[in-house]
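Below are the structure tokens for one structure; questions will follow.
Basis for what follows: all heavy atoms, side chains included, without hydrogens, waters or symmetry-related copies.
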Amino acid sequence: MSSVAPPASDPAIVDVVGHEAARLEDFLDRDVLAELLKSVHKLFGIGVRVYSAEGALVGAEASDLPLCAFVNELPGGRQACGATVSAARSVDPGATGDVVHACFTGLAYRIVSIDHEGRRVGRIVLGPYVPSGLTEPSPELARTEPRLDGKRALELLGREPRVKTEALSRIAAHVKTTLELVVFSSHKAYVTSKLHLHSVRESYRELEDKTRRLELALTRLRDLDRLKSNFLATVSHELRTPLTSIIGYSEMLGEGLAGPLSDEQADFVRTIHAKSGQLLALISGLLDLTKMESGTMTLRQGTVRVAPVLADVITTLAPVARKKGVELTLTHDDLACDLTGDVERLRQVFTNLVDNAVKFTPAGGKVVVTGRVLQEETREEDGPAVLLAPLAKSVEVRVADSGIGIAPRERERVFDAFYQVDSSSTREYGGTGLGLSIVKRIVEAHGGTVRIESNEPNGSVFVVTLPSAHVRLPRSVPPPSSST
Ligand code: ADP
């Protein structure tokens, strides 16, 4: 018979499931054993008990013989009976693994070993039974309990069924074989479950180990990220000052303040000015991002009227749109709703959205900016009548273009820093992929939301919703939470 062998190199397994350590009472399937003993008792009419090698009773199915019950009625008989039973329990079945243990009454027990993989793991005690040659109780019975009625004992003995030695040998061999099979399969299941448990524990330990290492790596990455942000902030800041000078001087050159320029020179200066402008936008974006990440992008709380902010943005970007051949219009109702917010940051939001809309719309296209006030009833849970419910106002600004549009699956991702739907767009349209991530963070810091819808028949609509006054702004745009 084979069994699952524990890896010898692992003392923990050998200790838990090793052959020496496993005791019969630890692994024997009790339900199967009970069924087996019940059927043996029913079939052969003989009591059967199973003990482990350590002497623990693991299972039993027996009923008292009338002679035994009679003997147990008197104290001497009871005492002798108890001594016989406990002796039978610890009798060593010897090298053959099969012995007969005699009772003082003349009855007998057959004791057979249970072996498993060369190891004696327990014993089966069959009996008591009446050996076929026994015609009268043993004289020892009268010696043990002189008050016992000998005639009655003889009469009871005559009524007991007798068992022939050969028949009992066959029964014993049958019970032993069957039980050893149960032991084998129980032990196998036990070893398998222990191994499984061990491997689960081992996987758990490995997982804990990996988690610890990941945590360390995460901490290190966070430190590096902080370093990177500090570095970016410093470099951007240092670059901005000379760049502002380059822009200023190229502007003055272009205006002819340093003397007249040839057409070609003017063209070069315009390129210097335009490229410097792009570079400044990139640097400003990086600075904003690092500020937001470190939680130092402050918000100046004030009361904001959206209509003038939108008008301002349109005025600023109208020349760009005109140059590109894109029609840019603004429509809104009276927008009679004050917002609590940082006017400069909100201007940055709408500038960014309109700038993108113009950028991603081809010549002949349209960009329409609309603003309106939304009024929503707020219903308090279990609150009073709807008529008494307060009205919450918010401002909705829609920037709709007839440009290239954004596929639905990209609409969440375009708000990630540095993400561009098509990275070649950097070359075609310019830009860094930073604008929308900044827009989203500023809008959310104002308690608002920004989402993208499709425009018909083509293009996209950016919808910004900002709650009306009475919102308490945070001091700065919150940095991303450490869990994300
Ligand atoms: P940038 O415009 O500098 O690349 P943004 O963060 O503003 O960065 O935009 C990220 C990306 O989202 C853009 O590169 C572009 O792919 C897409 N996008 C933004 N606005 C629009 C728009 N109005 N129409 C089509 N695509 C847009």
Would you call E410 and R413 a salt bridge, using N to O less than 4.0 angstrom? no
Taking side chain as C-beta onward, heavy atoms only, is P93 less than 4.5 Å from D98? no
How about F268: does its CZ atom have over 12 heavy atoms from other parts shown lying under 6.0 Å from it?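 It does not: F268 CZ has 12 such atoms or fewer within range.
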Tell me whether K291 is salt-bridged to E293, with the criterion being a basic N under 4.0 Å from an acidic carboxylate O.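 Looking at K291 and E293, the cut-off is not met.
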Would you tell me whether S52 and E25 have side-chain atoms, one donor and one acceptor, within less than 3.5 Å of each other? yes
Kindly indicate whether the side chain of E327, heavy atoms from C-beta on, has any atom under 4.5 Å from the side chain of T329. yes
Is it the case that over 12 heavy atoms from other parts of the model lie below 6.0 angstrom from the NZ atom of K324?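 Above 12, so yes.
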Would R120 and D92 count as a salt bridge (charged side-chain N to carboxylate O under 4.0 Å, His left out) if you check the C-alpha gap in whole Å, the side-chain angles of each, and the deciding distance to 0.1 Å? CA-CA 10 Å; R120 195 154 281 181; D92 180 3; 3.6 Å; yes
Rounded to the nearest 0.5 Å, what's the gap from OG1 on T316 to CG on D355? Could you check? 10.5 Å
Non-hydrogen side-chain atoms of E61 and V40 separated by less than 4.5 Å: no
Closest approach of S460 and I452, non-hydrogen atoms and distance?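 Looking at all heavy atoms of both residues, the closest pair is CB-CG2, 4.2 Å.
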With a 4.5 Å limit on heavy-atom distance, are the side chains of R345 and L299 in contact? yes
Taking all heavy atoms of S402 and all of P362, pick out the closest pair and write down the distance. O-CD, 4.3 Å
Is the side chain of N356 donor-acceptor paired with the backbone N or O of L353 at a distance under 3.5 Å, no angle test?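 Here the side-chain-to-backbone pair does not exist.
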Is the H187 ring parallel, tilted or perpendicular to the H116 ring (thresholds 30°, 60°)?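 Geometry flag for H116 against H187: perpendicular rings.
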Checking T331 against R372 for the side chain to side chain donor-acceptor pair (under 3.5 Å) test, could you report, in this order, the C-alpha distance in whole Å, the side-chain angles of both residues, the deciding distance, and whether it holds? CA-CA 9 Å; T331 57; R372 61 178 178 144; over 6 Å; no
Salt bridge (charged side-chain N to carboxylate O under 4.0 Å, His left out) for D225 and R222? Distances and angles first, verdict last. CA-CA 5 Å; D225 201 47; R222 285 217 179 103; over 6 Å; no
Is D401 reaching over with its side chain to a backbone N or O of V367, donor-acceptor style, under 3.5 angstrom?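 Not at all, since once roles are kept as given, no pair shorter than 3.5 Å links the two residues.
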Separation between CG of L214 and NZ of K210, rounded to the nearest 0.5 Å: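 Reported value, rounded in 0.5 Å steps: 9.0 Å.
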What I'd like to find out is whether the side chain of R89 reaches to under 4.5 Å of the side chain of V85, using heavy atoms alone.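 Sidechains of V85 and R89: no contact.
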Would the distance check show the side chain of S276 and the main-chain N or O of I246 forming a donor-acceptor pair, the cut-off being under 3.5 Å? no
Looking at R347 and D312, is any side-chain nitrogen of the basic one under 4.0 Å from a carboxylate oxygen of the acidic one? yes
Could you check R119 against D115 for salt bridge (charged side-chain N to carboxylate O under 4.0 Å, His left out), going step by step and ending with a plain yes or no? CA-CA 5 Å; R119 187 164 71 100; D115 300 312; over 6 Å; no
To the nearest 0.5 Å, what is the distance between NZ (K194) and OG1 (T192)?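 With rounding to 0.5 Å, NZ (K194) is 12.0 Å from OG1 (T192).
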Do L346 and H446 come within less than 4.5 Å of each other through their side chains, counting heavy atoms only?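 In contact.
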State plainly whether the residues E444 and K440 are in salt-bridge range, i.e. N to O under 4.0 Å.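 K440 and E444: salt-bridged.
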Using a 4.5 Å cut-off on heavy atoms from C-beta on, say whether the side chain of F350 contacts that of V309. yes
Straight-line distance of L207 CG to Y204 OH, nearest 0.5 Å: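 Separation between the atoms: 8.0 Å.
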In the structure I gave you, are the side-chain heavy atoms of L466 and V464 within less than 4.5 Å of one another anywhere? yes
Return yes when atom CZ of F415 has more than 12 non-hydrogen atoms of other residues, nucleotides or ligands closer than 6.0 Å, and no otherwise. yes
Counting heavy atoms not belonging to K275, are there more than 12 under 6.0 Å from its NZ?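 Incorrect, the count does not exceed 12.
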Using a strict 4.0 Å threshold on nitrogen-to-oxygen distance, state whether R300 and D342 make a salt bridge. no
Charged N to carboxylate O under 4.0 angstrom, R220 versus D223? no
Can you tell me if K176 uses its side chain to pair, donor with acceptor, with the backbone of S113 under 3.5 Å?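 Yes, because the side chain of K176 sits within donor-acceptor range (under 3.5 Å) of the backbone of S113.
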Between S90 (side chain only) and S86 (backbone N and O only), is there a donor and an acceptor less than 3.5 Å apart? yes
Rounded to the nearest 0.5 angstrom, the CG-CZ distance for L287 and R240 is 5.0 Å
Side chain of T271, backbone of D267: donor and acceptor closer than 3.5 Å? yes
Is there a salt bridge (charged side-chain N to carboxylate O under 4.0 Å, His left out) between R213 and E215 once you walk through the steps? CA-CA 5 Å; R213 273 186 279 140; E215 274 169 359; over 6 Å; no
Atom OG of S236 and atom CD1 of I283: how far apart are they, to the nearest 0.5 Å?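 The distance works out to 6.5 Å.
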Taking everything shown except E264 itself, do over 12 heavy atoms lie less than 6.0 Å from its CD? no
Take atom CG in D263; do more than 12 heavy atoms of anything else shown fall under 6.0 Å from it?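 No - once you tally the heavy atoms of other residues, nucleotides and ligands closer than 6.0 Å, there are 12 at most.
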